[in-house]
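Down below is the structure, laid out as C-alpha cells.
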Amino acid sequence: QVQFAESGGGLVQPGGSLRLSCVASGSIFRFLVMGWYRQAPGQERELVADITTGGPATYADSVKGRFTISRDNSKNTVSLQMNSLKPEDTAVYFCNTNPIRAGYDDWGQGTQVTVSS
C-alpha cells in the first residue's frame with residue numbers, strides 16, 4: 001500500500017499563502033495521478049487539485065487561479081502552493097491518489113490550514 005504524510009499547514013490571514021507538502025511511500029507513486037483533498041468541519045472531503053504523472057493538472061473551480069499543484073516523482077512528493085487564501089479554504093488537507101483506491105492507499109493525518117484574521 002501507498003502511505004502519505006502531509007505537512008506545511010498553519011494559521012494565515014486572508015490573502016496569505018501557504019505551501020503544503022506530501023511525501024508518499026513506495027515505488028508505485030510515479031505511476032499514479034495524485035490529488036490534494038480537503039475536509040472542513042461538517043463537510044464531505046473534496047478534491048481540490050490533481051496532477052498526472054507527466055505534469056498536467058486540474059483544479060476545482062473554487063481554487064483555480066489561486067492554487068498550484070506540483071510533483072517530484074524522483075522524491076515521491078507532491079506539493080500544493082496556496083495563494084490568496086480565503087476563510088472558506090479552512091480545512092484539513094490531505095494528499096492521496098485520484099481516484100481513491102480504497103484498501104490500497106491509506107489516508108495520512110492531514111495538515112490543518114486555518115485562514116482567519
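Predicted model, so just to flag it, every value in this text is computed and none were measured.
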Residues at least two apart in sequence or cross-chain that pass side-chain hydrogen bond (donor to acceptor under 3.5 Å, both in side chains) with T111, listed by chain then number, are none
Practice task
Kindly work out whether a path of hydrophobic side-chain contacts (I/L/V/M/F/W/Y, heavy atoms less than 4.5 Å apart) joins L47 to I100.
Solution key: yes
Transitive ILVMFWY side-chain link M82 to F4, under 4.5 Å: yes
Distance col, row D50:CG vs N96:CG, nearest 0.5 angstrom, shows 12.0 Å
On a heavy-atom basis, the closest approach of L80 and A49 is CD1-CB, 4.3 Å
- Query: If only atom types and distance count, is the side chain of Q109 paired as donor or acceptor with the main-chain N or O of E6 below 3.5 Å?
  - Reply: yes
Distance col, row M34:CE vs T97:OG1, nearest 0.5 angstrom, shows 6.5 Å
### Message
Looking at S84, is its backbone amide N or carbonyl O close enough to the side chain of R66 to form a donor-acceptor pair, meaning the two atoms are under 3.5 Å apart?
### Response
yes
With sequence neighbours left out, the residues meeting ring-ring contact (aromatic ring centres under 6.0 Å, His included) with Y59 are none
message: Looking at E44, I want to see if its CD is surrounded by more than 12 non-hydrogen atoms of other residues, nucleotides or ligands under 6.0 Å.
response: no
Under a side-chain separation threshold of 4.5 Å, the hydrophobic residues clustered together with V33 are none
For residues 76-104, the ring pair (Phe, Tyr, Trp, His ring centres under 6.0 Å) pairs (sequence neighbours left out) are F94-W107
Task: Joint cluster assignment, V78 & I28, ILVMFWY side-chain distance < 4.5 Å - done: yes
Checking R71 against T53 for the side-chain contact (heavy atoms from CB on, under 4.5 Å) test, could you report, in this order, the C-alpha distance in whole Å, the side-chain angles of both residues, the deciding distance, and whether it holds?
CA-CA 8 Å; R71 68 190 295 163; T53 57; 4.2 Å; yes
Residues passing the salt bridge (charged side-chain N to carboxylate O under 4.0 Å, His left out) test with D105, sequence neighbours excluded, are R101
Residues passing the ring-ring contact (aromatic ring centres under 6.0 Å, His included) test with F67, sequence neighbours excluded, are none
Original post:
Shared ILVMFWY cluster between V48 and V12, side chains joined below 4.5 angstrom?
Top reply: yes
Going only through I, L, V, M, F, W and Y residues with side-chain contacts under 4.5 Å, is there a path from Y37 to L20? no
Those residues at least two apart in sequence (or on a different chain) that pass salt bridge (charged side-chain N to carboxylate O under 4.0 Å, His left out) with R38 are E46, D89
Residues 10-109 vs disulfide bond (SG atoms under 2.5 Å apart), sequence neighbours excluded, gives C22-C95
Applying side-chain hydrogen bond (donor to acceptor under 3.5 Å, both in side chains) to S17 and not counting sequence neighbours gives N83
T114 meets the side-chain hydrogen bond (donor to acceptor under 3.5 Å, both in side chains) criterion, sequence neighbours left out, with Q112
CG of N98 to OG1 of T52, rounded to nearest 0.5 Å, is 11.0 Å
Residues 73-87 vs salt bridge (Lys or Arg N to Asp or Glu O under 4.0 Å), sequence neighbours excluded, gives none
Q) For A24, does its backbone N or O pair with a side-chain atom of N76 as donor and acceptor, under 3.5 Å? A) yes
Is it true that the side chains of T77 and D72 contain a donor and an acceptor less than 3.5 Å apart? no
Tightest non-hydrogen contact, residues A91 and A40, listed as CB-N, 3.8 Å
S70 meets the side-chain hydrogen bond (donor to acceptor under 3.5 Å, both in side chains) criterion, sequence neighbours left out, with none
